[in-house]
Amino acid sequence: MHINRNADIIPQVDGLAYGGDYNPEQWPREVWDEDLRLMREAGVNLVSVNIFAWAGINPAPGVWDFARLDDVMDHLAAGGVRADLATATASPPPWFSQAHPESLPVDAEGHRLHYGARAEYCPSAPAYQAAVVEMAGRLAERYADHPALAMWHVGNEYYRSCHCDASAAAFQTWLAERHGDLDGLNDAWGTTFWSQTYTDWSQVLPPRLCAETPSPGLVLDWRRFCSDALLNLFRSEAEAIERHSPDKPITTNLMVSGDFAAVDYHRWGPHVTGPRRLVATDHYLIPEGPIPWPAQVAFGADASRGLAGGSPWLLMEQSSNSSAWRRGYFAKKPGDQLRHSLSYVARGSEGAMFFQWRASRYGAERYHSAMLPHGGTDSKVWREIVEFGDRLKRIAEVKGSTVDSRAAILLDFESVWAAQTPGQPSADMDTYPELRRWHSALWHRGVTADLADPAWDLDGYEYVFAPHLYLLDTDANLRAYVENGGTLVVGPYSGIVDGNDHVHPGLPGALRDLIGVRVEEFVPVAKGATVALDDGTEGRTWTEVAHALDAEVQASFADYPGTPALFRRRLGRGEVWYLSTRPVDLDPLFDRLGLAPDFDGGAEGLELVRRSHEDGRSYVFAINHTDDTVPVPAKGTDLLTGEPWDSSRTLGPGESAVIKER
Ligand code: GLA
């Protein structure tokens, strides 16, 4: 992979960034002094301010009042804490929604939502579009040279979509650009099916509730459109900022870990990477489920690093403890937060930020955990917050270093969306859970893998895994990767449809020639059931009646003797593997591939990741997620303790080290 090294992506912050969302507008002025005192105690050097403060700055049409924000910014500057200054556009206040009722979002059933919460806007509403540009411009003009300003934070977690008439008109314009004319649209969506041919653009609607299964082509284009509509909002604010503040980085808190794949982050990539742009992500763990927390943390981090092209990125939000909105309250065990935060940094984050600094006394998130919890400073959470701030200072020299992964897992948002379109042969062939499962299996094996787009330059990776790449126009990039010496592993039900969600002729379509396999028939497997393979392994969820055209059969289904399940094809200097089922256990497959861990001698559950500077300085992050004492195969100095480290040293249960290598 080609790493873009940005010299200093978070200027004015000494060392690594540490802090969280700071909402002083919720607190009386005297609390602000305590905030600064405690921020200093914890080593906080960056806070995100003004994210939900529209109502204070612009309390009525044409009325602007920056007094409180001036005060907040001055207070931070005086206290030596920098601001990630937000544009406050994510939550229009009631007066705005009342004055512009057409700016409230409409759901797929045609209900216009009422105001009363947040993110209540239609991305295509002209009044909202104009308001956010004005807001961003005014803020940038006022604070461009403020000493507290470190960077700009546009909006908040872009995900909103709207099915109103203004959105329909914008969708029609977007479609005309994509497909040229109505003939192009009718071809792309296959509207001869069920007699849905459009004869006028005004007939084209968003996917509103209709009597039966909607057109998958329409649904897919709608998701592309929604992502672009949000990107346009982000860009319009960023451009308004740049007119007044051209030299400060601009970011927004993405949700790259995939729980809300509302936008195509890879399409957003060019607008959130490069000079004066920063990939920042929010990541909240799923309390229950098959993937253990440390592997979830790694997934969020590796997806963010992938999006950043290997450059440093920033964890903008995580929770110190419970995320109240995640199916009820849960608590992190002692040490979890320390390990999670260190893992994000190990995987390329330039610090660790939280939602939020101080727990709110009121509002929908009053039970969401914070750096400073309701329980006060005599608490596990606060002690760990202070301890992690201290750790970040000790390892500050890792800032600007990068992680070079040997492996990649392919993630394509259009493919994720296409696999979710209605009318699929199986309800269980979702993409994200499968990507997480593969990533988790690699994590357990000690292999760090980027989440990468199938169209990117993959040449630097030894292994590329495509667990589920349902939509693929052409195999060209993957073929080049294999021919140049890469090892590509493709999961079932991949390469099936083109960019319009039309089934490629000759299954599995776009990949048939590359993998040298012909698929005759899909045979989905019932949820919970498994199928036996003749090598002693099992598959689940999906099988295919498949035949080798130009591939060696490595294993077959036991119940259909002679029906192959695993294929290998050598091509050029590399090889491609194809699975016609989802393996229950991925380790036997990794064994066949000879996939070694990144580090020799690491125990399972000991996370080992290396960050390196261009000048050769390198650091091994060692995080022991197990209950055992484990050896750490590294030599150098542990920056956390200042003590020398050699391969005889061990880490106790839950302990960590950051070893500057000799
Ligand atoms: C998101 C939002 C925050 C807050 C947190 C709570 O990340 O950006 O404003 O709601 O979730 O987990």
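No experiment lies behind these values; they were computed from the predicted model shown. When a ligand or atom number is given, it counts from 1 through the structure's own listing order. Only heavy atoms go into these numbers, but all of them, side chains included; no hydrogens, no water, no symmetry mates.
- When only modelled atom types and interatomic distance are considered, S227 and D264 share no side-chain donor-acceptor pair under 3.5 Å.
- Using a heavy-atom distance under 4.0 Å as the criterion, the protein contacts of ligand 1 are F52, R118, N156, E157, N253, D282, Y284, E317, W325, F355, E365, H368.
- Every pair passing side-chain hydrogen bond (donor to acceptor under 3.5 Å, both in side chains) that includes a residue from residues 127-137 is listed here, sequence neighbours excluded: E134-R138.
- Salt bridge status for R267 with D228: present, with a side-chain N to carboxylate O gap under 4.0 Å.
- For D336, the salt bridge (Lys or Arg N to Asp or Glu O under 4.0 Å) test picks out R339, with sequence neighbours left out.
- Open room surrounds NE2 on H114; 12 or fewer heavy atoms of other groups in view lie less than 6.0 Å from it.
- Taking E384 as the reference, nothing meets the salt bridge (Lys or Arg N to Asp or Glu O under 4.0 Å) condition, with sequence neighbours excluded.
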